[in-house]
Amino acid sequence: TKKNKASPDRLEDKPEERQKENLKILQFSTLDLLSLINNVLDFNKIDSDKLELEAVSFRLAEFVENICFGLRQKANDKELRFILDIDSRLEETHIVSDPTRLSQVIYNLVSNAIKFTDKGSITVKLERVNKTGNRVDVLFSVTDTGIGIREDRHETIFEMFAQAESHITRKYGGTGLGLAIVKQVLTLFNSSIYVESTYGSGARFFFTISFATTEDATRTNIPAPADN
Ligand code: ADP
């Protein structure tokens, strides 16, 4: 077909107003597709017990700050307040764990919080709930002031491809895999995910992980957060 010079097909090419919407939809769906593929691949790995946790030493507080860096921008783009609240007793704690998997969990939860919140704030909180010898138990929570989740959906949202309501899916998109991945990955950490929410006024997702701690922090290079 002949290409009309006045009908550019890239967002960077200053498209006409009526074309913008379509281009945006296309751009969204490629990102969604990529995230879907990554999530499905991970799901299969976990399902077939092929996914094992790495054991890398890193400073937990710095690691979470790094994950939240990009997410904070995303929240700010929507004019949401982003609060990162890390227990000061965890400031120097080096743990031995799997940073890639841990970032996948945090990234999925915070991305959802931002996605389902139009006004208010997102709070990511880390609390030291127990410390014995060379172990530390950390309570992670992600709280938002968004649309919330109906009580009768509190369990099903963790199932594969489950979404709370079809009109929500139409508005916000997504695949219904994120929380299923979060739940699966957390089983590898011997942890479970919980949700508290009042429909219409936000949600809080939380889990506790017991980490081995180490004095020696020879490895400090932290992998980039998983993008799904
Ligand atoms: P996706 O976000 O791709 O739809 P998820 O598995 O991450 O899939 O989430 C499943 C469903 O749970 C979402 O479709 C949404 O209905 C609900 N949900 C998840 N997180 C939140 C949140 N922070 N606030 C409100 N609803 C949420």
Side-chain angles (χ1 to χ4, degrees), residues 24-25 27-47 51 64 67-68 70-72 74-85 101-126 139-189 191-207 225-228:
K24 269 193 195 147
I25 289 165
Q27 201 181 39
F28 254 116
S29 54
T30 42
L31 287 178
D32 281 348
L33 201 56
L34 195 61
S35 148
L36 172 69
I37 291 167
N38 282 333
N39 274 337
V40 170
L41 290 177
D42 266 352
F43 213 91
N44 283 338
K45 266 194 247 163
I46 300 171
D47 238 16
L51 205 147
V64 175
I67 299 170
C68 288
L71 291 162
R72 182 187 292 276
K74 253 185 165 177
N76 290 345
D77 286 347
K78 287 184 77 177
E79 291 178 19
L80 300 170
R81 237 185 112 199
F82 191 97
I83 301 149
L84 176 57
D85 180 2
R101 296 300 150 202
L102 187 57
S103 76
Q104 191 175 22
V105 169
I106 298 171
Y107 195 91
N108 266 314
L109 292 178
V110 181
S111 298
N112 275 347
I114 296 170
K115 178 162 133 186
F116 294 108
T117 304
D118 293 323
K119 214 169 79 191
S121 61
I122 311 296
T123 306
V124 179
K125 193 168 177 182
L126 271 69
L139 169 63
F140 294 79
S141 61
V142 178
T143 309
D144 65 60
T145 57
I147 60 172
I149 302 149
R150 270 173 34 197
E151 177 97 47
D152 63 336
R153 301 295 291 157
H154 286 191
E155 280 181 26
T156 41
I157 49 169
F158 296 105
E159 288 166 13
M160 225 172 160
F161 300 114
Q163 298 184 313
E165 283 156 274
S166 53
H167 78 270
I168 293 177
T169 309
R170 279 194 300 277
K171 181 167 176 202
Y172 297 93
T175 55
L177 271 179
L179 288 179
I181 290 287
V182 165
K183 185 180 166 183
Q184 280 276 42
V185 170
L186 280 178
T187 62
L188 300 172
F189 286 94
S191 177
S192 308
I193 178 99
Y194 300 95
V195 64
E196 279 170 1
S197 172
T198 308
Y199 192 43
S201 59
R204 172 173 178 255
F205 287 84
F206 59 99
F207 58 93
D227 200 8
N228 51 46

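Just so you know, these numbers come straight off a predicted model, no measurement behind them. Positions are given from 1, in the same order as the sequence printed here. Counting starts at 1 for both ligands and their atoms, following the listed order.
The main-chain N or O of T117 is found under 3.5 Å from a side-chain atom of K78 such that the two form a donor-acceptor pair. In terms of modelled atom types and a separation under 3.5 Å, the side chain of D144 and the main chain of I122 share no donor-acceptor contact. In terms of modelled atom types and a separation under 3.5 Å, the side chain of T145 and the main chain of S121 share a donor-acceptor contact.
By the 30° and 60° cut-offs, the orientation of the rings of F205 relative to F158 is perpendicular.
In N108, neither the side chain nor the backbone holds a heavy atom less than 4.0 Å from any atom of ligand 1. Under 4.0 Å from ligand 1, not a single heavy atom of R153 appears.
Considering only non-hydrogen atoms, atom 15 (C) of ligand 1 lies nearest to F116 out of F116, Y199, F205, F158. Residue nearest to atom 26 (N) of ligand 1, selected from I149, T156, N112: I149 (by heavy-atom distance).
The structure places CD1 of I67 at 11.0 Å from CD of Q104, a figure rounded to the nearest 0.5 Å. Annotation: the span from E155 atom CD to K183 atom NZ amounts to 8.0 Å, rounded to 0.5 Å.
The shell of residues lying under 4.0 angstrom from ligand 1, judged by heavy atoms, excludes G146.
Close approach to K115 involves these atoms of ligand 1, each under 4.0 Å from a residue heavy atom: 1 (P), 2 (O), 3 (O). Distances below 4.0 Å separate heavy atoms of L177 from the following atoms of ligand 1: 6 (O), 8 (O).
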